[in-house]
Amino acid sequence: MARYAMTIDLSLCVGCAACAVACKMENEVPPGVFRLWIRERELGVFPDLTVEFRPEQCLHCQNPPCVPVCPTGASYQREDGLVLVDPKKCIACGACVAACPYEARYLHPGGYVDKCTFCAHRLEQGKLPACVETCPTRCRAFGDLDDPESPVVKALEEAGRVDVLRPELGTRPKLYYLNAPSKRGLTRESEVRHD
Amino acid sequence: MTEFYGLPNAGEFWHWTNALHFILVGLAGGMAFLAALLHLKGHGEARRYTLLALLLIALDLLVLWAESPARFRFTHIWLFLSFHPQSPIWWGSWGLALSFLTGGLLYLGKGPRKPLTWGLFLFSLVALGYPGMALAVNLNRPLWNALLAGAFPFTALGLALALATLLGSPWARAPLRMALGAALFLALLYPLTLSQEPGATSWRRQASPSSSWFSWDSGLSVRSASPPGRGLWRQLA
Ligand code: SF4
Ligand code: SF4
């Protein structure tokens, strides 16, 4: 069984939001809520400035805190590692929204909670997630973590630096950020001057 | 406005009705607990307080239903058709439903009195305990720590006892002082239990890097494999 993961090379991301637009269109995400968004951070003081564009979304954690708190089983983890929501079982109680440390979930106007699915419907058709296919700088890679030939493993092997968000929580995200522009890795809250 | 930048989903779910539910569910659970104790003691006011508990549970469920974005989807049936003991809300749903059922039977005088009374006692404890648990399980929220799981039942009981005092029941005064004392004690402890960063205790537990390229940024949110070399990223996977 595959173990799907994604990488985003931050040294290539220009913050154009094409991935976010593609996600909105592919998944018919309503106005005002997002499965995917971009965090833009400026670091340092002139002339020593760095900008980090960091696309964020559900990280399909291997140890997802959003799943056990769900009282109906609407939030679940598939064998291939995808964390999904079954709208037919969701009571919109918000327990998973509170449990997700990454603000990855939102309330769909249809009365259920929704989030990134790694485009599970496209994977079934043998296609890549819409954000991966759309990215003009090819900064995203997707594939099976257990397949040494998959693009995601190749990207991880070639990266100069690999980071995950908030590893101290033990969620074991499967979205990896590669080559963060700051020497210290992903931008920390204390370093942010503008958001 | 559509905004792709920032942290757009944060806070979108939370409204004042959440606070109202916490107050109502505390009152309802506390009142059901008092009613059970009064039944156990054979107190003359047991029936009156059972009715009050039933009304408060019904009011809380009405508020929950009215504010639920899924109110006309009837998916709530899954709360009772599935088994999810890791979820505090699953426990709470059963606790409130069974408190209502046992309380209702006691009020109507139907069914075996003693088992129903003990049932109400146990289910009201679940109803009293689950809101604090529902907050405390979210280790990623810096203000919602395990102390809340202990503080909530005391404040809820304090609320119910305060209402009983206002309703002219003299037996409520002494336990009200005790419940408020316990809640105040926990409230004073609360600031001492807060960590500066969410999950700070868990990173300390894990922060024993064996390889030198593993850097921890003094309790902040980043672990890095740098330089990774072949296969070192697997330590993050
Ligand atoms: S990022 Fe949030 S929603 Fe996604 S799997 Fe992790 S905890 Fe769940
Ligand atoms: S909002 Fe839906 S998916 Fe999330 S915990 Fe509640 S029932 Fe489960």
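All values below were derived from every heavy atom in this structure, side-chain atoms included, with hydrogens, water molecules and symmetry-related copies excluded. Each chain gets a letter, A, B and so on, in the order the sequences are listed, and its residues count up from 1. Here the structure is a predicted model, which is why all the values come from computation and not from measurement.
Within a 6.0 Å sphere centred on CZ of B/Phe123, other residues, nucleotides and ligands contribute more than 12 heavy atoms. Residue A/Gln125 qualifies as enclosed at atom CD: its count of foreign heavy atoms under 6.0 Å is above 12. The neighbour count for B/Phe185 CZ, taken as heavy atoms of other residues, nucleotides or ligands under 6.0 Å away, does not exceed 12.
For A/Pro68, the parts sitting under 4.5 Å from any heavy atom of chain B are the backbone and the side chain alike. Both the backbone and the side chain of A/Val21 have a heavy atom closer than 4.5 Å to some heavy atom of chain B. Both the backbone and the side chain of A/Pro87 come within less than 4.5 Å of a heavy atom of chain B. With a 4.5 Å cut-off on non-hydrogen atoms, A/Lys89 touches chain B through its backbone and its side chain both. Using a 4.5 Å cut-off between heavy atoms, A/Tyr176 touches chain B through its side chain atoms alone. For a residue to count as touching a neighbouring chain, one of its non-hydrogen atoms must lie under 4.5 Å from one of that chain's; by this rule B/Trp91 does not touch chain A. Of the two parts of A/Cys16, only the backbone, made up of N, CA, C and O, holds a non-hydrogen atom closer than 4.5 Å to a non-hydrogen atom of chain B. Residue A/Ala104 touches chain B through its backbone alone, counting heavy-atom pairs closer than 4.5 Å.
Distance check, rounded to the nearest 0.5 Å: OG of A/Ser75 to NE2 of B/His84 gives 10.0 Å. Atoms SG and CD, on A/Cys70 and B/Gln86 in that order, are 11.0 Å from each other to the nearest 0.5 Å. Between B/Ile77 atom CD1 and A/Ile91 atom CD1 the span is 11.5 Å, to the nearest 0.5 Å. Atoms CZ and OG1, on B/Phe83 and A/Thr72 in that order, are 14.5 Å from each other to the nearest 0.5 Å.
Panel note: side chain B/Arg73, backbone A/Cys90; a donor-acceptor pair is recorded below 3.5 Å.
The two atoms that bring B/Ile89 and A/Ala95 nearest to each other are CD1-CB, 3.7 Å, heavy atoms only. Minimum interatomic distance between B/Asn140 and A/Arg166 (heavy atoms only, all atoms of both residues): O-NH2, 3.7 Å. Residues B/Thr75 and A/Lys88 share a closest heavy-atom pair of CG2-O, 3.0 Å. Nearest heavy-atom pair, A/Pro71 versus B/Ser82, reported as atom, atom and distance to 0.1 Å: O-OG, 3.6 Å.
Ranked by heavy-atom pairs under 4.5 Å with chain B, the list A/Pro109, A/Ala98, A/Ala99 is led by A/Ala98. Of the listed residues (B/Phe72, B/Trp78, B/Trp90, B/Trp144), the greatest number of heavy-atom pairs within a distance under 4.5 Å of chain A belongs to B/Trp78.
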